[in-house]
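The chains referred to below are lettered A, B, ... by the order of the sequence lines, with proteins before strands, and numbering in each begins at 1. Hydrogens, waters and symmetry mates are skipped; everything else that's a heavy atom, side chains included, is used. Predicted model, so just to flag it, every value in this text is computed and none were measured.
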Amino acid sequence: MNIELYIQSGIVESYALGLASSLEVEEFEQLLPHYPELKEALSDFEYHLELFAIENEVPPPPGTRERIQARVREIPNVPEVARGEGKSYRRQKSGPEYIPVVVSSPYIKVHKNWRTFLIAVFILAKVLLAISIYYFLEYRHTQKQVLQLEEQLGKGAEK
Amino acid sequence: MFQKLTILEKTITKDILKSELYAGQRPAAELLYTRYSSMLFSYILQFVPDKEEASGLLVEIFSRLTPQLQKAFDSSLSIYCWLQVESRKIILEHTQQENQPEKHGRDYYFSLLGECSPEHQWIFRELFIYGRKKEELAAQSGKDLAYISGILRDCLLIIRKNLV
């Protein structure tokens, strides 16, 4: 497939604006993981679309937030997180406390105290390494001295 | 640079929203409202010029889309584009149910189509604002489907050109 021609057909814009037919959507979503150019064209268009929306913002009339809050309050406030393969998962009171979360980021989040701990471990490791090297050199030096003394003793005995 | 900073402050990534949703749907709805309500309200006004009616639609959109946020994570679209696409479906459902006479809302995307012919603008309006099918338009205007599709493609590429 000539992906440049496909992009020039306006499919990216059509998809992002919700004008694509179900068949076009299906085809686009199948191609998306295989063509980085297509992904880039979509991200680029989405970025500019969002920028345009920011530039054209109109605040809703006062009271709209409260009306939405009232409506959302009617929805049970259960945590809903991704489980993968498009399935949603609701935590149940009687169920297990573990909630599997799929995160696309390759990074993991840890508490910042771990940073201090890891720095301390790193410094301690360096100190131990330096002490080991020092004692190793001391040992070799002592060994040499012992050998020299033995040689001297041997020579003295011969005389 | 400034624009990039602005959009970075405004944009919600799927991971951010996921972490809010972990605490429940209300915090997630609150976050979405804080970031996107003004952007979506402006978007709605191009379909529905009356501010009261548009505000009612915004309430409807948030209350209907909040329980469906899992779909946003599964979608290939960004959170904002997903909201726009899903909002348009709800708006069209409302305007088609009401069977209202055609009213012209805010220019919005039409401000990007200024260089197009009246025919291009008419076709884009019918497809995008009124949610009509290409086949319907082809039959009404006596043109073939490829002609209508070609005009839509021209409009979309002009929108991209003027956005970027």
Exercise: identify the closest heavy-atom pair between [X] and [Y]:
{"X": "L157(B)", "Y": "G10(A)", "answer": "CD2-CA, 4.1 Å"}
{"X": "S76(B)", "Y": "L32(A)", "answer": "CB-CD2, 3.4 Å"}
{"X": "R65(A)", "Y": "T34(B)", "answer": "NH2-OG1, 3.7 Å"}
{"X": "R88(B)", "Y": "L17(A)", "answer": "CD-O, 4.0 Å"}
{"X": "P61(A)", "Y": "F41(B)", "answer": "CD-CZ, 3.5 Å"}

Open item on the list: Is Q69(A) close to chain B through its backbone or its side chain, or both, or neither, when contacts mean heavy atoms under 4.5 Å?
Closed with: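 Side chain only.
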Task: Contact origin within A41(A) toward chain B - heavy atom pairs under 4.5 Å - done: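 Answer is both: backbone and side chain atoms of A41(A) are under 4.5 Å from chain B.
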In Å, rounded to the nearest 0.5 Å, how long is the span from [atom1] of [X] to [atom2] of [Y]?
{"X": "N162(B)", "Y": "F52(A)", "atom1": "CG", "atom2": "CZ", "result": "9.5 Å"}
{"X": "S75(B)", "Y": "E29(A)", "atom1": "OG", "atom2": "CD", "result": "6.5 Å"}
{"X": "L156(B)", "Y": "Q8(A)", "atom1": "CG", "atom2": "CD", "result": "12.0 Å"}
{"X": "C81(B)", "Y": "L49(A)", "atom1": "SG", "atom2": "CG", "result": "4.5 Å"}
{"X": "L77(B)", "Y": "L42(A)", "atom1": "CG", "atom2": "CG", "result": "6.0 Å"}
{"X": "L127(B)", "Y": "L19(A)", "atom1": "CG", "atom2": "CG", "result": "6.5 Å"}

Same cluster or not: [X] versus [Y], using hydrophobic residues (I, L, V, M, F, W, Y) connected whenever any side-chain heavy atoms lie under 4.5 Å apart?
{"X": "I123(A)", "Y": "W114(A)", "result": "no"}
{"X": "W122(B)", "Y": "L145(B)", "result": "no"}
{"X": "L23(A)", "Y": "I11(A)", "result": "no"}
{"X": "I131(A)", "Y": "Y139(A)", "result": "no"}

Which bit of [X] is near chain A, if near means a heavy-atom gap under 4.5 Å: side chain, backbone, both or neither?
{"X": "L112(B)", "answer": "side chain"}
{"X": "L152(B)", "answer": "side chain"}
{"X": "L45(B)", "answer": "side chain"}
{"X": "S149(B)", "answer": "neither"}
{"X": "K134(B)", "answer": "side chain"}

TODO: Using a 4.5 Å cut-off on heavy atoms from C-beta on, say whether the side chain of V85(B) contacts that of Y15(A).
DONE: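 Of all side-chain heavy-atom pairs linking V85(B) with Y15(A), none is under 4.5 Å.
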Open item on the list: Between R71(A) and V59(B) (side chain of the first, backbone of the second, donor and acceptor by atom type, cut-off under 3.5 Å), is there such a pair?
Closed with: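 Not at all, since once roles are kept as given, no pair shorter than 3.5 Å links the two residues.
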Open item on the list: Between S55(B) (side chain only) and T64(A) (backbone N and O only), is there a donor and an acceptor less than 3.5 Å apart?
Closed with: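 No, S55(B) side chain to T64(A) backbone: no donor-acceptor pair under 3.5 Å.
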Task: CD (E52(B)) with more than 12 external heavy atoms under 6.0 Å - done: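 It does not: E52(B) CD has 12 such atoms or fewer within range.
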- [ ] Look at atom CD of E24(A) and say whether more than 12 heavy atoms of other residues, nucleotides or ligands are closer to it than 6.0 Å.
- [x]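 It does: E24(A) CD has more than 12 such atoms within range.
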Open item on the list: Before you tell me yes or no, could you show the steps for Y36(B) and E50(A) under side-chain contact (heavy atoms from CB on, under 4.5 Å), namely the whole-Å CA-CA distance, both residues' side-chain angles and the distance that decides it to 0.1 Å?
Closed with: CA-CA 10 Å; Y36(B) 293 138; E50(A) 202 160 333; 3.4 Å; yes
TODO: Only one of R160(B), K161(B), R153(B) passes salt bridge (charged side-chain N to carboxylate O under 4.0 Å, His left out) with E13(A); say which it is.
DONE: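 Considering R160(B), K161(B), R153(B), a salt bridge (charged side-chain N to carboxylate O under 4.0 Å, His left out) with E13(A) is found only for R160(B).
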Task: Chi angles and distances behind the side-chain contact (heavy atoms from CB on, under 4.5 Å) call for L163(B), L51(A) - done: CA-CA 9 Å; L163(B) 266 181; L51(A) 201 59; over 6 Å; no
